[in-house]
Every structure is written in C-alpha cells, then in structure tokens.
Trainee: 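Here it is, the structure in full.
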Number of protein chains: 2
Amino acid sequence: MSDHGVLRWNMMKSACPTRQVLDRIANKWTMLVIMSLEDKTLRFSELRSRIEGVSQKMLTQTLRGMESDGFVLRTVYPTVPVTVEYSLTDLGESLAKTVDVLRGWAYGHMSAIEDARKEYLARTETLPSEAQMRDAG
Amino acid sequence: MSDHGVLRWNMMKSACPTRQVLDRIANKWTMLVIMSLEDKTLRFSELRSRIEGVSQKMLTQTLRGMESDGFVLRTVYPTVPVTVEYSLTDLGESLAKTVDVLRGWAYGHMSAIEDARKEYLARTETLPSEAQMRDAG
DNA sequence: CTGAATCCAAAAGGATACTG
DNA sequence: CAGTATCCTTTTGGATTCAG
C-alpha cells in the first residue's frame with residue numbers, strides 16, 4: 001500500500017490536517033505518555049513519577065491536549081483526596097501501536113545514531129576554517 | 001563499554017538512549033524534512049520552499065542535527081554560487097519508512113481527532129467542572 | 001492528590017545584516 | 001545560493017503558591 005492520497009493535501013502546507021495532527025503528536029511528552037499508558041491505567045502521580053523529568057505543569061498540559069484529541073480518557077473518582085485515572089481510548093491505543101513502531105526503530109538504530117554523532121563531532125571539530133589563533137598570547 | 005544492561009533501561013528515564021533518539025526525531029521539522037527527502041534529493045532552497053513555515057534558521061539547524069544523527073547527507077558543489085544538495089542516508093531512508101507509518105496513521109485518523117477536538121471544546125465550554133465521574137462505591 | 005494560577009528564567013525562533 | 005552571526009520577540013517550561 002502506498003497511501004498516495006496524502007499527497008492530495010500537500011503534506012508540507014501548514015494548513016494540512018495531517019500536519020496539524022503530526023505537530024501534536026511529534027512531541028516528547030505526548031509520546032512518553034502514550035507509551036506509559038499503553039495497556040495500562042495510571043493515576044496522575046503515577047504518570048508523573050514514571051516519566052522522569054516531566055513537571056506537574058507540563059504533564060497536565062500534555063494530558064489536556066491528549067484528552068482534547070481523544071487519545072486519553074480522564075476519570076475522576078470523588079474520593080478524598082480526589083483520585084484521577086488516565087487511560088488510553090481506542091484511538092489512543094491505536095496510536096500507541098504506531099508509536100511502538102517508532103520506538104522499536106529508535107531502539108534498533110540507537111548505536112548507529114550514536115556512532116554517527118561521534119563521527120560528526122570528530123569531523124566538525126577539525127574545522128580547517130578560521131580557528132582561533134590567539135591562544136598563544 | 002562493558003556491562004551495558006541496555007535491555008534494562010527504563011524507557012521513561014531521561015538518560016535512556018532510546019528516549020534521547022526519540023527526543024530528536026519527535027520534532028516537527030525533522031519529521032517534515034524526512035518526509036520531504038524520502039526517495040529524493042533536494043537543494044536547500046527547494047527544501048525551504050517545500051516546507052511551508054520553516055525559516056532559514058530553523059531549516060539549517062534541523063538539517064545540521066539530522067546530519068549529525070546520520071539521517072541526511074549534505075553534498076556541496078563548488079559552483080558559483082554554491083549548490084548544496086541534501087538527501088537521506090540509508091539510515092534516514094529507514095527512518096522515513098517508519099515515519100510513513102505515523103503519517104499514515106495521522107491521515108487515517110484525522111477526522112476522528114477533529115471530531116474529538118470539537119467534542120472536547122463543546123464539553124469544556126459547557127462544563128467548567130469535572131467531565132466524568134464514576135461511583136467510588 | 002490533582003491541578004489551576006502566577007511569576008520569572010530559559011529556550012526557541014524570526015528578522016536582519018553580512019559573507020564566500 | 002547557502003549559509004553564519006546577532007539582536008530581539010515569542011514561547012516554553014520550571015518553581016511556587018494556593019485551592020477543591
């Protein structure tokens with residue numbers, strides 16, 4: 001399958017719906033939340049401690065966006081204090097499967113990328129252009 | 001390097017190599033460049049005009065990062081003025097195939113997402129409080 | 001516990017000028 | 001043409017505080 005139908009919308013136009021969707025999911029925290037919630041239901045605090053580096057503000061913001069897109073379901077239990085659970089919707093689970101492909105790719109090509117980075121560094125560190133020459137002063 | 005324990009890396013840790021790779025490719029412009037260059041070679045200016053909304057600065061920056069990761073090959077032809085062509089490496093083409101899956105997903109679920117957004121708007125405009133509640137027993 | 005609001009620092013990104 | 005360098009505005013995001 002070649003899915004050339006996408007080309008009817010010119011993928012590279014900012015008005016293209018597909019691109020607007022990509023703009024949303026091509027996001028660090030969104031991807032990590034998707035991965036965290038795959039086949040699971042987690043509370044806010046569990047999500048926060050599982051995703052290292054995310055702040056309360058960013059997690060909330062990310063979850064709101066994902067809820068808006070229909071990826072996650074937010075359920076509030078009127079306990080004291082309140083309990084809030086997040087889970088993926090069918091749409092979210094579907095996206096998770098796709099993101100898994102990307103994660104798998106990243107995992108499989110990790111070392112190739114690391115090698116490329118080292119090689120690039122070595123190549124650009126040796127810039128033969130106008131290097132600083134005042135160090136002898 | 002010995003004693004990797006790579007398989008034990010928690011995906012959600014910021015130090016996880018897989019996550020560092022994702023942080024790089026989970027990026028708007030990187031994805032769009034990948035898509036633009038799939039099976040093609042384009043000059044800088046062609047790339048710029050094809051990807052609506054990207055500035056010269058961001059495109060340069062994105063391309064440098066992708067070159068560093070080994071996704072794109074930059075070829076300079078010493079013409080006057082200079083000609084620079086960008087193409088995907090094998091690694092980049094491999095990534096492109098994976099990104100295609102995501103694009104396909106986005107395309108296929110566009111309308112579902114748009115519907116969800118409208119529904120969310122309608123729901124949050126009406127309900128300033130919690131949307132869903134369940135019995136806590 | 002979950003999360004909204006505010007303030008502020010840092011990063012991202014645009015515009016412009018200049019170079020080979 | 002394809003950048004680099006700089007300035008400056010916008011956006012992002014962290015820390016803190018407060019509330020249901």
Side-chain angles (χ1 to χ4, degrees), chain A residues 14 23-33 36-37 41-68 72-87 120 123-125 127-132, chain B residues 14 23-33 36-37 41-68 72-87 120 123-125 127-134 136-137:
Chain A
S14 51
D23 284 355
R24 177 62 61 89
I25 63 185
N27 170 285
K28 185 173 156 181
W29 301 130
T30 300
M31 286 216 181
L32 292 173
V33 169
S36 297
L37 289 179
T41 291
L42 293 176
R43 296 179 56 176
F44 184 85
S45 50
E46 293 172 326
L47 266 177
R48 188 176 176 184
S49 59
R50 267 179 137 275
I51 304 178
E52 186 174 89
V54 71
S55 66
Q56 175 266 318
K57 182 180 177 179
M58 290 316 297
L59 183 54
T60 300
Q61 191 173 303
T62 302
L63 287 168
R64 291 293 168 277
M66 295 176 68
E67 200 190 348
S68 159
V72 303
L73 177 67
R74 177 174 179 269
T75 310
V76 181
Y77 297 91
T79 54
V80 179
V82 73
T83 301
V84 182
E85 285 189 351
Y86 290 92
S87 59
Y120 181 84
R123 176 153 45 97
T124 51
E125 271 172 359
L127 276 180
S129 57
E130 297 156 356
Q132 64 276 39
Chain B
S14 52
D23 284 354
R24 178 62 62 88
I25 64 185
N27 168 287
K28 185 172 156 180
W29 301 130
T30 298
M31 287 216 182
L32 292 173
V33 169
S36 297
L37 288 180
T41 291
L42 293 176
R43 297 177 56 174
F44 183 86
S45 51
E46 293 172 326
L47 222 33
R48 186 176 178 184
S49 58
R50 265 179 138 275
I51 303 178
E52 187 175 89
V54 72
S55 66
Q56 176 269 320
K57 181 180 176 178
M58 290 317 297
L59 183 54
T60 299
Q61 192 172 303
T62 302
L63 286 168
R64 289 294 168 275
M66 296 176 67
E67 200 189 347
S68 159
V72 303
L73 178 67
R74 177 173 179 271
T75 311
V76 182
Y77 296 91
T79 54
V80 179
V82 73
T83 300
V84 181
E85 283 189 351
Y86 290 92
S87 59
Y120 180 84
R123 174 154 47 96
T124 51
E125 276 169 0
L127 299 174
S129 266
E130 304 301 348
Q132 325 220 4
M133 302 282 254
R134 276 215 213 157

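In this text, all values refer to a predicted model and were calculated from it rather than measured experimentally. Residue numbers start from 1 in every chain, and the chains themselves are labelled A, B, ... in the order their sequence lines are given, proteins ahead of strands.
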Trainee: So how far is it from A:L37 CG to A:M66 CE, rounded to the nearest 0.5 Å?
Mentor: 6.5 Å
Trainee: With side chains defined as the heavy atoms from C-beta onward, is the minimum distance between A:R123 and B:E67 less than 4.5 Å?
Mentor: yes
Trainee: To the nearest angstrom, how far is B:K28 atom NZ from C:dG14 atom P?
Mentor: 8 Å
Trainee: Expressed as a whole number of angstroms, how long is the span from A:L47:CG to C:dG3:P?
Mentor: 10 Å
Trainee: Reading DNA chain D from 5' onward, which residue's closest nucleotide shows up sooner: B:E85 or A:N27?
Mentor: B:E85
Trainee: Calculate the interatomic distance between A:L32 atom CG and D:dG13 atom C1'; express it in whole Å.
Mentor: 16 Å
Trainee: Side chains of A:R74 and A:L63, heavy atoms from C-beta outward: is any pair under 4.5 Å?
Mentor: no
Trainee: Just how far, in rounded Å, is C1' of D:dC1 from CG of B:L59?
Mentor: 13 Å
Trainee: By nearest atom, which of the nucleotides C:dT2, C:dG13, D:dA2 is closest to the B:M58 side chain?
Mentor: C:dG13
Trainee: What's the CZ-P distance between A:R24 and D:dT12, to the nearest Å?
Mentor: 11 Å
Trainee: Starting at the 5' end of DNA chain C, which residue's closest nucleotide do you reach first, B:V54 or A:R43?
Mentor: A:R43
Trainee: Which nucleotide in the set D:dG14, C:dC1, C:dG13 lies at the smallest distance from any side-chain heavy atom of A:S45?
Mentor: C:dC1
Trainee: Write out a two-atom table: protein N or O, nucleotide N or O from nucleotides 3-7 of chain D, distance below 3.5 Å.
Mentor:
| from | atom 1 | to | atom 2 | distance (Å) |
| --- | --- | --- | --- | --- |
| D:dG3 | OP1 | B:R64 | NH2 | 2.9 |
| D:dG3 | OP1 | B:R74 | NE | 3.1 |
| D:dG3 | OP1 | B:R74 | NH2 | 2.6 |
| D:dG3 | OP1 | B:Y86 | OH | 3.4 |
| D:dG3 | OP2 | B:Y86 | OH | 2.5 |
| D:dT4 | O4 | B:Q56 | OE1 | 3.3 |

Trainee: How far does CG of A:L32 sit from CG of A:L59, to the nearest 0.5 angstrom?
Mentor: 10.5 Å
Trainee: Kindly calculate the angle separating the two end axes of the helix from C:dC1-D:dG20 to C:dG20-D:dC1, each obtained from five base pairs, and round it to 10 degrees.
Mentor: 50°
Trainee: Test of understanding: with side-chain hydrogen bond (donor to acceptor under 3.5 Å, both in side chains), list the residues that count as partners of B:E46, not counting sequence neighbours.
Mentor: none
Trainee: When the distance from CH2 of B:W29 to P of C:dG13 is rounded to whole Å, what number comes out?
Mentor: 8 Å
Trainee: Contact between B:V33 and B:Y86 at the side-chain level, heavy atoms closer than 4.5 Å - yes or no?
Mentor: no
Trainee: Hey, is the main chain of B:G65 close enough, under 3.5 Å, to the side chain of B:R24 for a donor-acceptor pair?
Mentor: yes
Trainee: Do B:T60 and B:Q56 have side chains that approach each other closer than 4.5 Å (heavy atoms only, starting at C-beta)?
Mentor: yes
Trainee: How many Å lie between CD on A:E67 and P on C:dT2, as a whole number?
Mentor: 15 Å
Trainee: Would you call B:L47 and B:V54 a side-chain contact if the rule is heavy atoms closer than 4.5 Å?
Mentor: no
Trainee: Send over the distance from B:Q61 CD to C:dG13 C1', rounded to a whole Å.
Mentor: 8 Å
